[in-house]
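Taking it in order: structure first as structure tokens, then the write-up.
This is a predicted model, so every value here is computed, not measured. Lettering of chains follows the sequences in order, A, B, ..., and the numbering in each one begins at 1.
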Amino acid sequence: MNLFADIRSLVLHALDAMVAAGDLPAGLSTDNVTAEPPRDASHGDMATNAAMVLAKPAGMKPRDIAEKLAVRLSDDPRVTSAEVAGPGFLNLRLAPAVWQNVAQTVLDSGTDYGRATLGAGKSVNVEYVSANPTGPLHVGHTRGAVFGDALASLLAFAGWDVTREYVINDGGGQIGMLARSVYLRYLEAHGKEVAFPEGTYPGDYLVPVGAALKEKVGDQYIDQPEDIWLGPIGDFATDAMMELIRDDLALLGVKMDRFFSEKSLYNTGKIEACLDKLDKMGLIYNGTLEPPKGKLPDDYEAREQTLFKSTEFGDDQDRAIKKHDGAWTYFAPDIAYHNDKVERGYDALINVFGADHGGYVKRMKAAVHALSGGTVPLDIKLTQLVKLFKNGEEFKMSKRAGNFVLLSDLIREVGKDVTRFVMLTRKNDAPLDFDFDKVTEQSRENPVFYVQYAHARVASVLRKAADAGIAVDDATLKSADLSKLDHAAELALLRKVAEWPRLVETAARSNEPHRIAFYLYELAGDLHGFWNLGNAETGLRFIQEDDPATSQAKIALARAVAIVIAAGLGILGVTPADEMR
RNA sequence: GGACCAUUAGCUCAGCUGGAUAGAGCGCUGCCCUCCGAAGGCAGAGGCCAGAGGUUCGAAUCCUCUAUGGUCCGCCA
């Protein structure tokens, strides 16, 4: 399925044969032997570094190994030439049939082409978004949501059994503030004058929640002390906020497999049990932390509290799990939450956090390492800030000014597909500029458009061909005579398509979905370039008048490109377009 | 004081986990539509891969130090 893996194993077999023939010492490690397309296509279709890697341990000259290897590889029908080059590279040229078969493979597999077995038999939990349930999602949450979702899809495509999870922070103090805010809206719904004190949430979105509460409970909470209503209203408000958030996520095309309530860890003994477990490992103690460096808070005083020995696992200092008054810090339930994930039996955990949680990474990894005995890797991906630009100027958002751009506003303005794709055109850990004007522009500068346009062009060809009476269903295309695809430009395009499975693997291995977006942009560029060749050289147009057989072979190539684009966009959560408007 | 991330063309960024002459887009220069959508394409100019050491057949990539920028640093979740 993966051509590069096939060629690599061909090389490895040849090396084994050399060992058997006494041309190479036995027992050499071939871990670093690669088979990859050379950067410069003029070097050939595939290059292996085997000779250079093995030269030293074998005590032989690289060129000697390479030449013997070349002879053996030449025996394979797929290899048309094997030349030693440079310091000891072995450049291979492959038979056109190898590339032509790629088109057939793609048509056979459809958008499943490129699915990998990297994660086969393994499960991974991807936790993302996890915004506090105190209001609708805004732009700040969007990048993490898109990134996490695309990463989850990528891993699923690479064979992992993926769980998408959202942890609801419904156990902390901010739920109390939410409840008070809703209470004020509730009073307002009863016609009372209210003022929002510092710390409460004055946003309009709580108005309907207050009204709904009135609907549900009538006037029973009016003039009642806080301890009567705080709990129930907190629950009521959290549910309402989660409904809001789910709606926002739906707009983005994000669907979670599981919502985990942090509150469910409280008063159930789960936190205590988990910390007991750590205590038995000798990782919990009472102590006093060093005062923070840099700016010292005005009211700082050294206090003794319960600490977790995260320094044992590389953290800079130990971390508090209990406040001075004995209440849990946020870290405590979070440890228990991750313990729960470990106990659910995942083979790997991934958390997607905003960059402002960078300081949290080490302690969380420390906790998971301790809880799983080092058996469950936790990867934490941080997403950097998104800067919005409108009319050429940066649009600053601030909590105080309350001028957040809501996720729903963003979608309304530019759409789900644009939002998702653009958010994935940067590495997760690099800041991202989101320019409202650019992202809706129809030009090469706008990668979303450019990729969509390539897909639409193929769809257009299919329509035109059908109009001309040429059968272009995939079943027919599959049986086309692909040996007609013998032009260098056609083979080059097939090579690019053939890279897809390999790209999926590397992207999945590094948890970097942005690589998909970049590859699609390149593939689209190659298609556009190829398309234009047809201007000067009519023999390269997809539709050849009066020659349905050739047309079908060429259209099969176009379809293969479109299928890969569709598969890639599928991972990114973007709908491929059949025509541009 | 410390941690994490970044530093690649005038600008915005990739760089396939160590490979051959470092790549795109924008901008600049010059070209290509009786032609499946020119909403495109081709070509040219433009680089001390922040700096200095190290690791090895080989470094933009790995390690150390330095510089600059960003994020963060008590029991807030």
Touch class at under 4.0 angstrom, heavy-atom based, for A/Gly358 against every strand present: nothing
Sugar-phosphate only, base, or nothing, as touched by A/Arg541 at under 4.0 Å among non-hydrogen atoms: base
Watson-Crick or G-U wobble mate for B/C28, both contacts under 3.5 Å: B/G44
B/U8: syn or anti, per glycosidic angle within 90° of 0: anti
Residues within residues 523-536 of chain A bordering RNA chain B, heavy-atom distance below 4.0 Å: A/His528, A/Gly529, A/Trp531, A/Asn532, A/Asn535
A/Asn286 atom CG: more than 12 heavy-atom contacts under 6.0 Å: yes
Pairing partner of B/U34 (Watson-Crick or G-U wobble, both distances under 3.5 Å): none
Listed nucleotide nearest any side-chain atom of A/His514, set B/U71, B/C75, B/G15: B/G15
Sugar-phosphate only, base, or nothing, as touched by A/Lys322 at under 4.0 Å among non-hydrogen atoms: nothing
Sugar-phosphate only, base, or nothing, as touched by A/Gln174 at under 4.0 Å among non-hydrogen atoms: sugar-phosphate
Sugar-phosphate only, base, or nothing, as touched by A/Leu503 at under 4.0 Å among non-hydrogen atoms: nothing
Pair A/Phe530 and A/Phe542, ring centroids less than 6.0 Å apart: yes
Sugar-phosphate, base or nothing in reach of A/His357, heavy atoms under 4.0 Å: base
Assigned partner base of B/C13, Watson-Crick or wobble definition, under 3.5 Å: B/G23
Protein-to-nucleotide contact annotation, 5' to 3' order, nucleotides 17-28 of chain B [B base; S sugar-phosphate only; - none; under 4.0 Å, heavy atom]: B-BB---SSS--
Check ion pair A/Arg495-A/Glu499 (N to O, under 4.0 angstrom): no
Touch class at under 4.0 angstrom, heavy-atom based, for A/Phe331 against every strand present: nothing
Audit row: A/Phe434, A/Phe436, ring pair (Phe, Tyr, Trp, His ring centres under 6.0 Å) steps and yes/no: CA-CA 6 Å; A/Phe434 192 101; A/Phe436 278 92; 5.6 Å; yes
Distance-only donor-acceptor check, side chains A/His357 and A/Asn351, under 3.5 Å: no
Touch class at under 4.0 angstrom, heavy-atom based, for A/Ala55 against every strand present: nothing
For B/A52, the Watson-Crick or wobble counterpart (both distances under 3.5 Å): B/U64
